[in-house]
Amino acid sequence: MILPGFVGGSNTLASPNVDNERTLNWFPESVEPGTGKAPIWLAPAPGVRPFVVLGAGPVRALFSQ
Amino acid sequence: MQTDGNPATICSNGSGGNQLFVTSGGLGYVYDLALNTLTLIGDADFPFPAIMGAFCDGFFLVLKGGTNQFQWSALEDGFVWDALDVAQLSQSSDNLQSLIAVHGQVWLLGTKTSVVWADVGGTQAFAPIPGSLMQVGSRAAFSGFAIDNALFWVGGNDQGQAVVFRGAGVGAVPQRISTYAVEFALNNAPQLEDAIGWGYQENGHTFYVLYVPSLPTTWVFDISMGVWHERALWDAVRMRDVPDLGRCHTYCFGVHLVGDRQSNAVYEQNFNFPSYESVEMGG
């Protein structure tokens, strides 16, 4: 099914009657080099898995050397 | 380590001194990478409160809160500070909000204006780059984040607030990257001053992530695509969105690590992990 304009970013305006699009936990990705079935698609936002628990929270900075 | 509601900042002088310079809760610390020791900076000339730090040209820099001053350390030594190694902005009268090193230059964001300084050598060390003053400041001190070879931040001045900018280079007008929808959301946040910006790159997408604690979702700008989207978790008890878990990030051990905005947990973040299966841990 072709739904023009369905794939895009969040754009909830002050007037939702004009545009009330929300893209939540997905983001648009263009199809390179343009030979796919669509010019753009929605890729899923990343998830997380536990890595380590520190002494106190919240975690206020991370740094790698 | 002393804490407050603000993020801590960490920077390194690498093999030049084998030190990490940490600011947290208004104080400064040095972590000695050779000895694995964390030490509170006891130099009487170290400013208080120390809001955030950076590293540039062999010097650690620190922003003194509630002023338009920043100070720099001795060369490659975060333990040694001289009260004379201080700069006070004179191009504008507003206080400084943020100090961020980008491209070997120091971007200083005030409440109304911003300016870029550079190391000029000699006893003066740092001086403003002529023509670098911008007529927009920062509304949220920790929204500034350097990624994709530029600085991103939530702007503000005496004319308004809540436009997200990308620094376009010294002497150039900052580029507005927020949309009317993003600005509407940010303007309606009960509090914008505590917004935190961070970012990362994965699968070729470079993201500037804007966590505003008083908003229900985290706003994310995909720099590669030039498009904003939102990230959130579903609070099944209160039946509403809550912001994504992350509020800081680093890439290490070959994985993306994010720090939890409210607990003591560090997570591995990956596109291969379903976002709806994100879990909260820690306490």
Side-chain angles (χ1 to χ4, degrees), chain A, chain B residues 3 6-12 14 20 22 24 33 179-182 184-185 202-203 205 217 219-220 222 225 227-232 241 244-252 255-271 273-279 281-283:
Chain A
M1 179 183 294
I2 302 298
L3 298 173
F6 180 78
V7 177
S10 276
N11 197 50
T12 306
L13 298 178
S15 171
N17 294 326
V18 179
D19 197 344
N20 199 25
E21 290 180 89
R22 290 189 72 200
T23 304
L24 186 64
N25 292 337
W26 299 83
F27 62 92
E29 180 179 275
S30 58
V31 178
E32 298 170 335
T35 53
K37 290 184 176 180
I40 195 167
W41 68 295
L42 287 176
V48 296
R49 285 181 181 170
F51 184 80
V52 69
V53 176
L54 305 177
V59 182
R60 298 184 301 122
L62 290 173
F63 182 82
S64 57
Q65 177 74 359
Chain B
T3 63
N6 291 327
T9 67
I10 308 172
C11 55
S12 168
L20 300 183
V22 182
S24 177
L33 292 167
T179 61
Y180 295 126
V182 174
F184 179 69
E202 187 174 10
N203 289 348
H205 291 268
T217 62
W219 283 88
V220 182
D222 183 346
M225 292 287 294
V227 178
W228 288 86
H229 66 277
E230 297 167 77
R231 296 182 187 177
D241 289 329
D244 192 55
L245 288 174
R247 84 171 215 171
C248 54
H249 167 276
T250 192
Y251 184 76
C252 192
V255 297
H256 291 275
L257 300 177
V258 294
D260 196 308
R261 59 180 166 76
Q262 57 186 9
S263 84
N264 54 356
V266 175
Y267 305 99
E268 179 185 352
Q269 178 181 277
N270 193 303
F271 275 125
F273 303 157
S275 57
Y276 288 108
E277 292 182 13
S278 296
V279 296
M281 59 182 284

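On a predicted model such as this, the values are computed, not experimentally measured, just so you know. Below, chains carry the letters A, B, ... as their sequence lines are ordered, and counting in each starts from 1.
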Looking at every heavy atom in both A/Trp41 and A/Val31, which two are closest together, and how far apart are they?
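Minimum heavy-atom separation between A/Trp41 and A/Val31: CD1-CG2, 3.9 Å.
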Which atoms form the tightest heavy-atom contact between A/Leu54 and B/Val266, and what is the distance?
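Nearest pair, atom of A/Leu54 first, then B/Val266: CD1-CG2, 3.8 Å.
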Quick one: pull up CD in A/Glu21 and OG1 in A/Thr12 and give me the separation to the nearest 0.5 Å.
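A/Glu21 atom CD to A/Thr12 atom OG1 measures 8.0 Å (nearest 0.5 Å).
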Out of [options], return the one with the most heavy atom pairs under 4.5 angstrom to chain A.
options                              : answer
B/Thr217, B/Leu33, B/Thr3            : B/Thr3
B/Thr9, B/Asp241, B/Asn203, B/Thr179 : B/Asp241
B/Gly259, B/Ala185, B/Gly246         : B/Gly259

Name the region of [X], side chain, backbone, both or neither, that has any atom closer than 4.5 Å to a heavy atom of chain A.
X        : value
B/Arg247 : side chain
B/Asn6   : backbone
B/His205 : side chain
B/Val182 : neither
B/Ser12  : both

Identified ring-ring contact (aromatic ring centres under 6.0 Å, His included) partner of B/His256 from the options B/Phe271, B/Tyr267, B/Tyr251:
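Exactly one candidate clears the test, B/Tyr251.
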What I want to check is whether the side chains of B/Ser24 and A/Arg60 have a donor and an acceptor closer together than 3.5 Å.
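Looking only at side-chain atoms, A/Arg60 and B/Ser24 do form a donor-acceptor pair, the distance falling under 3.5 Å.
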Under the side chain to side chain contact (heavy atoms under 4.5 Å, CB included) test against A/Phe27, which residue among B/Val227, B/Asp222, B/Val220 passes?
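Exactly one option meets the side chain to side chain contact (heavy atoms under 4.5 Å, CB included) with A/Phe27, and it is B/Asp222.
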